[in-house]
Amino acid sequence: MSGVISVEEHAADIMARVRPQEPEEIRTVDASGRTLAASARAGLDVPAFDNSAMDGFAVRAGDVAGARADAPRVLPVAADIPAGPGSPDPLPPGAAARIMTGAPLPVGADAIVPFEATRAGLADSLERAIVERPSAIGAHVRRRAEDVGVGDEVLPAGTALGPLQVAALVAAGVARVRVAPRPRVVVVSTGAELVAPGAAPRPGEIPDSNSTLLALLARECGAEVTAFRVGDDPEELARLVEAHAGADAIVTSGGVSQGAYEPVRLALADRVDFRRVAMQPGKPQAFGALDGGALFFGLPGNPVSVAVSFELFVRPALFALQGRAATERPRLRLAAATGWRTPPARRQYLPVRVLREAWPWRVVPATGGGSGSHLAGGLGRAEGYAIVPEDVAAVAPGDVLDVMLVS
């Protein structure tokens, strides 16, 4: 095991080993949760034609100029234009056309008078428009291609696709997109003390929450996940790793420290690097690229260490495999509402709750038990991680810190 290295050094080594995967083409409507591998360009104008933004009357602005409640402009209604297919006839001079939201603007009209600006509104709208307030040229008109024009870039490569992004692409006539494949991730929790989630632990046993945590975090990153649990037998772990060395990533929890029963270290000492990183929690780490192509992440076994290590090292790598433009969680500068202890010469990542009752928001530790990496219950209340620099001896109330938000 080498000397202590910084968080940045460990992260940089990981990112230097990442090789983005070859993209694939899929239907846009199936692309939520994926990452764009190539720029998506519009096949349609958005809006597709000039149309009304309000229910009311299509008019020439000059025909209603100066309209007042005591001196309205009265225009005959020449047409009724609902939203739907077809093109309306041109608007005759001096006339109005009743028009609904989204309906195409007739040639000759250059403004919309909402029903609210007329005396009778919808109730008396098929024969005449009694306009009491004028509309300027362009009022309540959505112009063709004012949002996106054919050939324009709708979203750049590297964009994470969610419901909003997929809907925007569909609206712009993008039927298919090139996306990064989902990373194939193998999660392995180690330890003879672990029992399956839901099983009743015997004395000396604990539920295996790490495999669930890692699998869910990886799926949140768009990965396809297979999860396993092994004991403290390094040969069993070695066989499992060898069988899945062609995955995109293998993530283990536990077994990387200096104890007598450390299956990851015993099984992979000659294949990956074991390091000490200047952070709390998560000081012992392992990383390497296996011959089969998989990136190997050996994380510590305590649940808070697992969660923090995933955020700092695994999550950015999984996003980089997909060519994601943004690989890190958002951060805010927030003040501590209370004080707590920090480790010497190590950067602390403390699970915190965010107090949102008043601005500026403040943070408090997510658990009353301190900063121990074994305090899994506090993770359920954590909304982020307060990041305390290595040279800070203790956090005092009012100290302003970077906070990595996770919810």
Side-chain angles (χ1 to χ4, degrees), residues 1-15 206 209-210 213-214 216-217 220 253-254 256-258 275-285 297 299-316 326-407:
M1 182 177 284
S2 59
V4 177
I5 64 173
S6 70
V7 171
E8 287 77 13
E9 288 174 309
H10 188 53
D13 184 33
I14 291 169
M15 297 301 277
I206 58 173
S209 64
N210 283 344
L213 172 63
L214 286 171
L216 292 175
L217 287 172
E220 192 179 71
S253 61
V256 294
S257 295
Q258 291 292 298
R275 301 163 176 173
R276 292 179 295 166
V277 180
M279 58 186 283
Q280 184 211 44
K283 185 176 181 180
Q285 298 281 336
F297 299 86
L299 310 184
N302 283 314
V304 182
S305 300
V306 170
V308 170
S309 300
F310 187 96
E311 292 297 333
L312 295 180
F313 308 126
V314 184
R315 187 176 189 270
T327 61
E328 296 184 355
R329 297 277 197 182
R331 297 188 181 190
L332 289 179
R333 295 278 291 171
L334 299 175
T338 187
W340 63 80
R341 294 179 299 172
T342 63
R346 287 194 285 167
R347 188 177 305 166
Q348 185 183 49
Y349 294 85
L350 183 75
V352 292
R353 292 187 297 113
V354 180
L355 305 181
R356 293 179 166 87
E357 291 81 3
W359 183 259
W361 295 342
R362 298 174 300 152
V363 296
V364 294
T367 174
S371 60
S373 60
H374 64 292
L375 299 171
L379 281 177
R381 295 183 290 272
E383 299 168 89
Y385 299 102
I387 304 171
V388 185
E390 295 87 335
D391 59 354
V392 174
V395 172
D399 286 351
V400 177
L401 305 167
D402 282 334
V403 177
M404 180 197 309
L405 299 178
V406 298
S407 66

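What you see is a predicted model; the values in this text were computed from it and never measured.
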Participant: Atom CD1 of I5 and atom CE of M279: how far apart are they, to the nearest 0.5 Å?
Facilitator: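 So the gap between those two atoms works out to 10.5 Å.
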
Participant: Looking at every heavy atom in both A278 and V7, which two are closest together, and how far apart are they?
Facilitator: O-CG2, 4.2 Å

Participant: Quick one: closest heavy-atom pair of S305 and P281, and the distance?
Facilitator: OG-CB, 3.2 Å

Participant: For S407 and A382, work out which heavy atoms get closest and say how close.
Facilitator: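 Closest approach of S407 to A382: OG-O, 3.8 Å.
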
Participant: Determine whether P351 and T367 make a side-chain contact, defined as any pair of heavy atoms from C-beta on separated by less than 4.5 Å.
Facilitator: no

Participant: In Å, rounded to the nearest 0.5 Å, how long is the span from CG of D391 to CZ of R347?
Facilitator: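 Interatomic distance, D391 CG to R347 CZ, rounded to 0.5 Å: 10.0 Å.
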
Participant: Counting C-beta onward and ignoring hydrogens, is there a side-chain heavy-atom pair between R315 and R329 closer than 4.5 Å?
Facilitator: yes

Participant: Picking from M15, R276, Q285, what satisfies side chain to side chain contact (heavy atoms under 4.5 Å, CB included) with H10?
Facilitator: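 Exactly one candidate clears the test, Q285.
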
Participant: Measuring from atom CG of D402 to atom OH of Y349, what distance do you get when rounded to the nearest 0.5 angstrom?
Facilitator: 9.5 Å

Participant: Does the distance from a Lys or Arg side-chain N to an Asp or Glu carboxylate O, for E383 and R353, drop under 4.0 Å?
Facilitator: no

Participant: Say you draw a straight line from CG of L216 to CZ of F310; how long is it, rounded to the nearest 0.5 Å?
Facilitator: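 Between L216 CG and F310 CZ, I get 10.0 Å after rounding to 0.5 Å.
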
Participant: Testing L332, V352, L312 for side chain to side chain contact (heavy atoms under 4.5 Å, CB included) with M404, which one passes?
Facilitator: L312

Participant: Does the side chain of L214 reach to within under 4.5 Å of the side chain of S253, using non-hydrogen atoms?
Facilitator: yes

Participant: Which atom names give the shortest non-hydrogen contact between V306 and L299, and what distance separates them?
Facilitator: O-CD1, 4.0 Å

Participant: Less than 4.5 Å apart, any side-chain heavy atom of R362 and any of L334?
Facilitator: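 R362 vs L334: side chains apart.
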
Participant: Write down the atom of L355, the atom of A337, and the distance for their closest heavy-atom approach.
Facilitator: CD1-CB, 3.9 Å

Participant: What pair of heavy atoms forms the shortest contact from T338 to P365, and how long is it?
Facilitator: CG2-CD, 3.5 Å

Participant: Does P343 reach the side chain of Q348, with side-chain heavy atoms less than 4.5 Å apart?
Facilitator: yes

Participant: For E311, is there an ion pair with R331 - N to carboxylate O distance below 4.0 angstrom?
Facilitator: no

Participant: Just wondering, do V392 and L401 contact through their side chains at under 4.5 Å, heavy atoms?
Facilitator: no

Participant: Does a side-chain heavy-atom distance below 4.5 Å link V403 with W361?
Facilitator: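 No, every pair of side-chain atoms sits at 4.5 Å or beyond.
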
